[in-house]
Amino acid sequence: MWPFALAVDLQRGGLEPCNNIIERHLSDMRGMYIDEAATEQAIAQGDPLLYEVNQYDVPFETGQLLVVTTVIQPGRVGDEYYMTKGHFHEQIDRAEVYVGLQGQGYLLLETTGGEFEALPVKPGTLTYIPPYWAHRMVNVGREEFIFFGVYPADAGHNYGDIEKRGFVKVLVERDGRPTLLLNPRHEMR
Ligand code: PA5
Ligand code: NI
């Protein structure tokens, strides 16, 4: 394989060239927000775009790296901020690095053993996601939250566990401030 360079738009999050763009609307995340009535209402009223992923695909082989930017829109479903689905890597021992480019967010992380961490992310924050930690980004600001990521190309994504029960904690707005609350669903499902 030949080396290459691409342009990262640090303000708007685009990659140029880019060969894999994924859009996620609220209907792609049914059941992942606590407030199901607010979810259905927002879907009926136009099904908002929550985030867009720009990835430069290389062969999904051991030794290769994938580079990716994600743009999360500002907004909430009920009190809960717009966020990525979140996942473990399918190869659960694969790590990842995220770097904040624009806006204000939080990285939520947890292990299958119940350990949990929440790290604030702003432009210039580099976060290191170790092997075995599920990860989700949350936009707690009033503008787009944009971050860059790089991870092993053989990692894969495992959404299953997170889709069923979410993370240990949810990020909601209380008195105008991002607030972590225990996720009532985490034990239920
Ligand atoms: O691999 C990653 O962690 C990222 O590229 C994410 O896939 C991206 O930010 C979108 O999040 P998710 O895959 O949880 O929908
Ligand atoms: Ni990942």
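Counting from 1, the numbers follow the sequence of the chain as shown. Because the structure is predicted, anything quoted here is derived from the model rather than measured. Note that ligands are numbered from 1 as they come in the structure, with each ligand's atoms numbered from 1 the same way. Scope of the values below: all heavy atoms of this structure, side chains included, with no hydrogens, waters or symmetry mates.
A cation-pi contact, defined as under 6.0 Å to the ring centre and within 45° of the axis, is absent between R136 and Y98.
Residue contact check: R24 has heavy atoms under 4.0 Å from atoms 13 (O), 15 (O) of ligand 1. Taking every non-hydrogen atom of K85 and a distance limit under 4.0 Å, the qualifying atoms of ligand 1 come out as 14 (O), 15 (O). Proximity to Y151 (heavy-atom distance under 4.0 Å) selects the following atoms of ligand 1: 1 (O), 5 (O). Residue V53 has at least one heavy-atom neighbour below 4.0 Å for each of these atoms of ligand 1: 10 (C). Annotation for ligand 1: atoms under 4.0 Å from non-hydrogen atoms of H135 are 3 (O).
Two residues are said to be in side-chain contact when any heavy atoms from C-beta on lie closer than 4.5 Å; N183 and I34 meet this criterion. Using a 4.5 Å heavy-atom threshold, the side chains of E61 and M1 count as separate. You'll find the side chain of V53 reaches within 4.5 Å of the side chain of V68, heavy atoms only. Between L119 and Y106 there is no side-chain heavy-atom pair separated by less than 4.5 Å. Side-chain contact check for P123 versus L101: every heavy-atom pair is 4.5 Å or farther apart. Residues L26 and V77 are in side-chain contact: their nearest non-hydrogen atoms beyond the backbone lie under 4.5 Å apart.
Listed by chain and number, the protein atoms of type N/O/S under 2.8 Å from the Ni ion (ligand 2) are H87 NE2, H89 NE2, E96 OE1, H135 NE2; waters are omitted.
The protein atom (non-hydrogen) at minimum distance from atom 1 (O) of ligand 1 is H157 NE2, 2.9 Å. In terms of protein heavy atoms, atom 15 (O) of ligand 1 is closest to Y51 OH, 2.5 Å. Closest to atom 11 (O) of ligand 1 among all protein heavy atoms lies T84 CB, 3.5 Å. Atom 8 (C) of ligand 1 has as its closest protein heavy atom T70 OG1, 3.5 Å. Of all protein heavy atoms, the one closest to atom 5 (O) of ligand 1 is V68 CG1, 3.4 Å. Of all protein heavy atoms, the one lying nearest to atom 6 (C) of ligand 1 is H87 CE1, 3.7 Å.
Summarising the contacts of atom 3 (O) of ligand 1 with Y98, Y159, F147, the nearest heavy atom is found in Y98.
The only option from H135, R94, H157 that meets the side chain to side chain donor-acceptor pair (under 3.5 Å) definition with H89 turns out to be H135.
Annotation: H89 places no N or O atom under 3.5 Å from an N or O atom of ligand 1; distance criterion only. Residue-to-ligand polar distances place E96 within reach of ligand 1: an N/O pair is separated by less than 3.5 Å.
Between the side chains of D57 and Q55, at least one donor N or O sits under 3.5 Å from an acceptor N or O. In this structure, a donor-acceptor pair under 3.5 Å is present between the side chains of E144 and Q73.
Taking a 4.0 Å cut-off on heavy atoms, G149 fails to register as neighbouring ligand 1.
Cluster annotation: L49 and M83 are assigned to distinct hydrophobic clusters (Ile/Leu/Val/Met/Phe/Trp/Tyr, side-chain heavy-atom contacts under 4.5 Å, transitive). L182 and L109 fall within a single hydrophobic cluster, where Ile, Leu, Val, Met, Phe, Trp and Tyr are joined by side-chain heavy atoms under 4.5 Å apart, directly or via other members.
Salt bridge status for E80 with R185: absent, with no side-chain N to carboxylate O gap under 4.0 Å.
Counting heavy atoms closer than 4.0 Å to ligand 1, residue R136 contributes nothing at all.
Shown here are the salt bridge (Lys or Arg N to Asp or Glu O under 4.0 Å) partners of R76, two or more places apart in sequence or in another chain: E173.
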